[in-house]
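Everything below concerns the one structure shown next.
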Amino acid sequence: MSWDLYHSQSEKLAGEAEALRMRGDHRAAADMYQRAAEAEEAALRALDPAQSRTRGITAVSALSLWHKAGRTSDVLRLGEQLRKGRLPHFAEAQVREIMDVAAHSHSSTSQKRFEVEITFRQTLRYSVDAANYKRAEREAMALWRTGQMAVENAGACELVDVRPISTQVESRVDQDTLDAYRYLRNRELVIETLDADEFDPTVHDAVSADEVARHLNWRRPGNAAGQSDTARAARALDRLCAERRVVCFTRSHTRLRETGEIRLYCTPQHLALLSSMIVDEHAEDTALTVQVGTDRWTIFAEPAR
Amino acid sequence: MNTRRLDPHLHLRHPGLTRALAECYAEAASVCLHRHHEPPAEYDVWDRDQRQGLQLEWDAPDERCLAAWANEIDTTEAGAVGIVLTALETCIGLVAVRRAETLTGSDYYIAPAGMGRTDLEQCSRLEISGVDRGSASNVYRRVAEKIEQAIRGESNLPALVGVVGFKVRLIVFEPVEDE
């Protein structure tokens, strides 16, 4: 059969499916959309590769029909096939969009897992003795950075942003984990080679999830487009930790205008180098809490000078 | 002045429609028109700079039909397809020859009436939208938004945008021209 016959069959079935949907018979509509999707996929296979525009439109149409039939596995299967082939630009973008939507709305009735980022701003008031405003500010900042109690928590926190993020499909997490590990290990190998000086030993710090996201160019979708997708990197790195391929440190923030702890990641090989630099077991201010898999312990370490 | 009755057999002249869809679109269009007007209603149809009059006639929907089309958004969407395709055929001489699905709806591909069903290489895509209660400026704003979306590459060119303003009695056709 030709593209024309298959596509005509698909159009007829899709038209009937839409009419069923508009009349509220969603189950029958889904069955009809599935039959339309099968016909449209057959139309796609019957196409001459030279008919680029028709190929792009038919590809998007087949994928949309699988999505409307609620067949996420078929959306992802066909989508992956299409991404390996050559499609016109408009179709590539639409294929990506349909795959993302299908992956994130697996079923309108099933429970989905979300991670929700809540960003808030808190006002604290410190009481300090100082000669002038500048010094008072410096004193208060020092108290805040070391986590000293404030004299007053000035009312409620102000909510800045709440951002729910749908978690990824398993296949993408697998790929992200692989990419994050490659980046982490390659970085360590390069800096260990460049810094190999036995008279002046130094070890570069581990990296944060934010750095991994920035280096791998993982960007947030939607309204926050352009910002680093730190949550995605953290998810991949946490999986590497669970698999004991990476260790995780928590360390106090050291930069001005930051407080709290930061999580840093490196491979166990790099950790061995860091451990060899331990010179003072009681230097509690440079303590590192290390997590390997589900185990957690603290190393009292002082970086080599 | 062209005069047309809303036709549940639009599929007989538009090969891209099925009978079931043609009936749905005609029903939805009658509900949209019934919200604001009594038959017949005269609409201005603008194709680029050319204005034509289109007098629409329809049977008032009964209670059962109104209840079935109670969802305002879905009804406006389906009704817009019915009205825009009627105006396209009557005032410009083009018909829907193919249909292809998109993530949230479907695209119609148009060609001159009588040309028959072709593949999609030479067809123009018709982008349809409906404004229920808005003014003429709302209709033109919707046209501009649709054109901007198409130019940004979110859809496949070339395209023709068709927007109906139900209350304001206006139908606008504008081609998408990439500069």
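Note on naming: letters A, B, ... go to the chains in the order of the sequence lines (proteins, then strands), and numbering restarts at 1 for each one. Not measured: the values here are computed from a predicted model.
- Remark: side-chain polar atoms of H67(A) are not paired, donor with acceptor, to backbone N or O of T102(B) under 3.5 angstrom.
- Crowding of H9(B) atom NE2: a count of heavy atoms from other residues, nucleotides or ligands under 6.0 Å not exceeding 12.
- The number of heavy atoms from other shown groups lying within 6.0 Å of CZ (R5(B)) is above 12.
- Across P88(A), S8(A), S10(A), the residue that shares the most heavy-atom pairs under 4.5 angstrom with chain B is S8(A).
- The environment of R21(A) atom CZ is dense: over 12 non-hydrogen atoms of other residues, nucleotides or ligands sit within 6.0 angstrom.
- Atom NZ of K12(A) is separated from atom NE2 of H11(B) by 10.5 Å, given to the nearest 0.5 angstrom.
- With rounding to the nearest 0.5 Å, the separation of SG in C123(B) from CZ in R53(A) is 7.0 Å.
- Other residues, nucleotides and ligands place no more than 12 heavy atoms under 6.0 Å from the CD1 atom of I73(B).
- One N or O on the side chain of E121(B) and one on the backbone of T54(A) form a donor-acceptor pair closer than 3.5 Å.
- A donor-acceptor pair is defined here as one N or O able to donate and one able to accept, closer than 3.5 Å; such a pair exists between the side chain of E11(A) and the backbone of R99(B).
- Between chain B and the residues L65(A), T58(A), V60(A), the largest count of heavy-atom pairs under 4.5 Å involves L65(A).
- The shortest distance between side-chain heavy atoms of M22(A) and Y25(B) falls below 4.5 Å.
- Atom NZ of residue K68(A) and atom CD of residue E101(B) lie 4.0 Å apart, to the nearest 0.5 angstrom.
- Considering only heavy-atom pairs separated by less than 4.5 Å from chain A, the leading option among D74(B), T75(B), L17(B), T18(B) is T18(B).
- For residues 28-52 of chain A, heavy-atom neighbours of chain B at less than 4.5 Å comprise Y33(A), Q51(A), S52(A), sorted by residue number.
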